[in-house]
Structure formats: C-alpha cells, structure tokens
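First the structure, in the form of structure tokens, and then the observations on it.
None of these values were measured; they are calculated from a predicted model. For ligands, and for the atoms within them, numbers begin at 1 and follow the listed sequence.
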Amino acid sequence: MKIIMLGAPGAGKGTQAKKIAEKYQIPHISTGDIFRANIKDGTELGKKAKTYMDQGLLVPDELVCDLVVDRVQKDDCKKGYILDGFPRTIPQAESLDAALSAIGEAVDYAIDVEVPDENIVNRMGGRRACVGCGATYHLVYAPTKKEGICDTCGAELILRDDDKPQTVQKRLNVYHEQTQPLIDFYSKKGILKEVDGTMSMEEVFQAITGILGA
Ligand code: AP5
Ligand code: MG
C-alpha cells in the first residue's frame, strides 16, 4: 500500500502517518524528519535545508526528489510506505510518478487531512518536539506525562524554530501557493481521499483506516 499524506503544516500528517505505519507495518517516510535529522547531524544537506526551513520556505525540489526516489526503492518499501510531507509541489509529484511508473508502480491513496488556517496557528503554538527522538506532542491535545520531558526517550522538548507564529503564517502561505494544487492533481487521478482533520486524533485515525480498510 503506497500512501501520500497531504495537508497544511500542522494538519496532523505526522501524527496520523506514525499510527498508520504502525498499523499496516509499512515505513513512515517524513521529509521534514529527514531534514531535521540531517540538521542535527550537521550534514551538508542539513546545512542547505536549514536556510530554507528557518524562513518557512520549501527546500528546492532538486534537494528533495532524488532523496525520496532513492528511499522508496529500498527493500523495506516492497510492501508499501507512507510519505509524509512529500510531494509538496507539482514537479515533486511528477518526479515521484515518473520513478514509480518506470518500475510499473503507482501511488494508491493520497489522503488530504483538512484543517482551516485558524485552527493551525493554535495547534503549532502548542506543539512540542523532542530534541532526542523527534517525537511530537501538544501542550493541550497530546501532553507528556512529565512536563517538558519526552515520554519515549526522556530528552527535553522544544518549540520547533519554524513553529514561531510569524513563520507559521509564512508556511501557510507557501502551502496554499505551492502544495494545495496537488489536491487537484490527485483528484484527477481518482486517488484523492479527504478527511476532516479538525476531529480528535483518534477520530481522524478511524476515518483514515475506514478508507484504507482492515
Ligand atoms: P514538515 O516537518 O513536513 O512540516 P509541515 O508540513 O509544515 O508539517 P508539520 O510537521 O508542521 O505538521 P503535521 O501535519 O505533521 O502535524 P503534526 O502531526 O505534527 O516540514 C518542515 C519543513 O521542511 C518545510 O517547511 C520545508 O521547509 C521542508 N520540507 C519538508 N518536506 C519538503 C518537501 N517535500 N519539499 C520541500 N521542502 C520540504 O500535528 C501538529 C500539532 O497538532 C502537534 O502538536 C499534534 O500533537 C497536534 N495535533 C495533531 N492532530 C491533532 C488533532 N486531531 N487534534 C488536536 N491536535 C492535533
Ligand atoms: Mg510533520
């Protein structure tokens, strides 16, 4: 099962993608997580990506496409995968399509998690990310057992640099301009599934598994 998660920044793509990956036993591939791991490790890719991410801009297509196309051809992707945060532009979607059709494959589902902009700003301000393992929490909707400490690995939690309010607004603008056209793109292919992302995390998950099946 090859799945793409679409949706604005903070719509809950990462939250749902993790749960889906676990349920269906397929890898969760988040380009945002890959870039953050590279930034943490101080790699060349990380240094380049950081200059864009900190401004709320998209990392250029040429730094993203090859990375994802290589990743989805690894052995653990044979049964499928869930892409979270990719594609984010029409050229990215076209490059994924071309790579897949060259090996006789195609994406099965593009799931769009819909949340209005006004809810997003609120969600991002309350999100906390673990500096150790990257796990995501929310002060109100997904709190940790001990304030400021990751439940999984015990490391410290931070507000992501790009979750500051002025950067969130910029990311939303970039989303509407560059990523939203993908909704039409996948709708025309007949694989778009829309889900109301304003429901609780569990309800959103039920809606998605209802689409994907047991
Ligand atoms: P990325 O890390 O992908 O960020 P994003 O798309 O902006 O999305 P987020 O991770 O912020 O949100 P999410 O939808 O995963 O929401 P989450 O589940 O955390 O990308 C970061 C940057 O990297 C980009 O800006 C860009 O620069 C670069 N980049 C990455 N991929 C790229 C690409 N393909 N091309 C170019 N550049 C790329 O949830 C948000 C919060 O809400 C959490 O606190 C969560 O606990 C809470 N929450 C989730 N669901 C619910 C719910 N149902 N009810 C209440 N609270 C909820
Ligand atoms: Mg995410």
Side-chain angles (χ1 to χ4, degrees), residues 4-21 28-39 45-46 48-69 71-72 82-96 111-117 119-130 134-144 150-151 157-164 167-180 182 195-208:
I4 286 172
M5 295 297 286
L6 296 174
K13 302 181 296 296
T15 300
Q16 298 300 330
K18 266 192 207 94
K19 288 159 76 84
I20 295 163
H28 167 209
I29 303 171
S30 156
T31 42
D33 288 351
I34 293 172
F35 290 137
R36 282 184 288 277
N38 274 273
I39 292 172
L45 175 66
K48 283 186 195 154
K50 187 173 178 5
T51 60
Y52 298 95
M53 289 168 74
D54 282 353
Q55 297 179 69
L57 298 171
L58 294 185
V59 174
D61 290 341
E62 58 271 25
L63 291 182
V64 192
C65 290
D66 291 352
L67 183 118
V68 176
V69 167
R71 179 66 188 87
V72 297
I82 180 154
L83 290 175
D84 159 17
F86 182 96
R88 255 184 159 90
T89 63
I90 296 282
Q92 289 183 16
E94 286 170 341
S95 91
L96 178 67
I111 297 175
D112 176 34
V113 183
E114 293 191 325
V115 178
D117 286 10
N119 301 34
I120 298 280
V121 181
N122 177 23
R123 276 195 194 178
M124 305 295 239
R127 173 162 62 182
R128 293 296 178 271
C130 173
T136 294
Y137 300 92
H138 192 282
L139 291 179
V140 180
Y141 307 118
T144 47
C150 179
D151 286 347
L157 303 183
I158 53 154
L159 179 70
R160 256 167 57 179
D161 278 343
D162 59 348
D163 278 351
K164 313 234 157 89
T167 317
V168 170
Q169 193 50 58
K170 182 77 197 255
R171 284 163 65 199
L172 281 170
N173 297 344
V174 167
Y175 167 76
H176 291 301
E177 275 166 33
Q178 300 192 56
T179 308
Q180 218 169 13
L182 292 178
V195 173
D196 176 4
T198 64
M199 302 185 292
S200 73
M201 292 176 203
E202 200 43 49
E203 287 168 322
V204 178
F205 184 58
Q206 296 299 332
I208 296 174

Could you tell me which atoms of ligand 1, counted from 1 in the order shown, lie closer than 4.0 angstrom to a heavy atom of [X]?
X      : result
Ala8   : 14 (O)
Gly14  : 13 (P), 15 (O), 18 (O)
Val64  : 33 (C), 34 (N), 35 (N), 36 (C)
Tyr137 : 43 (C), 44 (O), 46 (O)
Pro9   : 5 (P), 6 (O), 7 (O), 8 (O), 12 (O)

Any idea which protein heavy atom is nearest [atom], and the distance to it?
atom                    : result
atom 28 (C) of ligand 1 : Met53 CG, 3.7 Å
atom 45 (C) of ligand 1 : Thr15 OG1, 3.8 Å
atom 9 (P) of ligand 1  : Arg127 NH1, 3.3 Å
atom 5 (P) of ligand 1  : Arg88 NH2, 3.1 Å
atom 46 (O) of ligand 1 : His138 CB, 3.5 Å
atom 42 (O) of ligand 1 : Arg123 CD, 3.4 Å

>> Please compare Met199, Lys13, Arg171, Arg128 and report which has the shortest non-hydrogen distance to atom 13 (P) of ligand 1.
In response: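 It is Lys13 that holds the nearest heavy atom.
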> Between the candidates Asp33, Ile34, Val59, which shows the shortest non-hydrogen contact distance to atom 36 (C) of ligand 1?
Replying inline: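 Looking at heavy atoms only, the winner is Val59.
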>> Does ligand 1 come near enough to Gly126 that some N or O of the ligand is less than 3.5 Å from an N or O of the residue?
In response: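 No, Gly126 has no N/O under 3.5 Å of an N/O on ligand 1.
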>> Test your reading of the structure: does Asp84 have an N or O sitting under 3.5 Å from an N or O of ligand 1?
In response: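 No, Asp84 has no N/O under 3.5 Å of an N/O on ligand 1.
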Take every heavy atom of [X], measure it against each atom of ligand 1, and state whether any distance is under 4.0 Å.
X      : result
Arg160 : yes
Arg36  : yes
Met124 : yes
Ala11  : yes

Classify the contact between [X] and ligand 1 as side chain, backbone, both or neither, using a heavy-atom distance cut-off of under 4.0 Å.
X      : result
Tyr175 : neither
Gln16  : neither
Leu57  : backbone

> Looking only at atom types and distance, does a side-chain atom of Tyr141 sit under 3.5 Å from a main-chain N or O of Met201, one as donor and one as acceptor?
Replying inline: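 No, Tyr141 side chain to Met201 backbone: no donor-acceptor pair under 3.5 Å.
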> Does a side chain donor of either Thr89 or Asp61 reach within less than 3.5 Å of an acceptor in the other side chain?
Replying inline: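 Yes.
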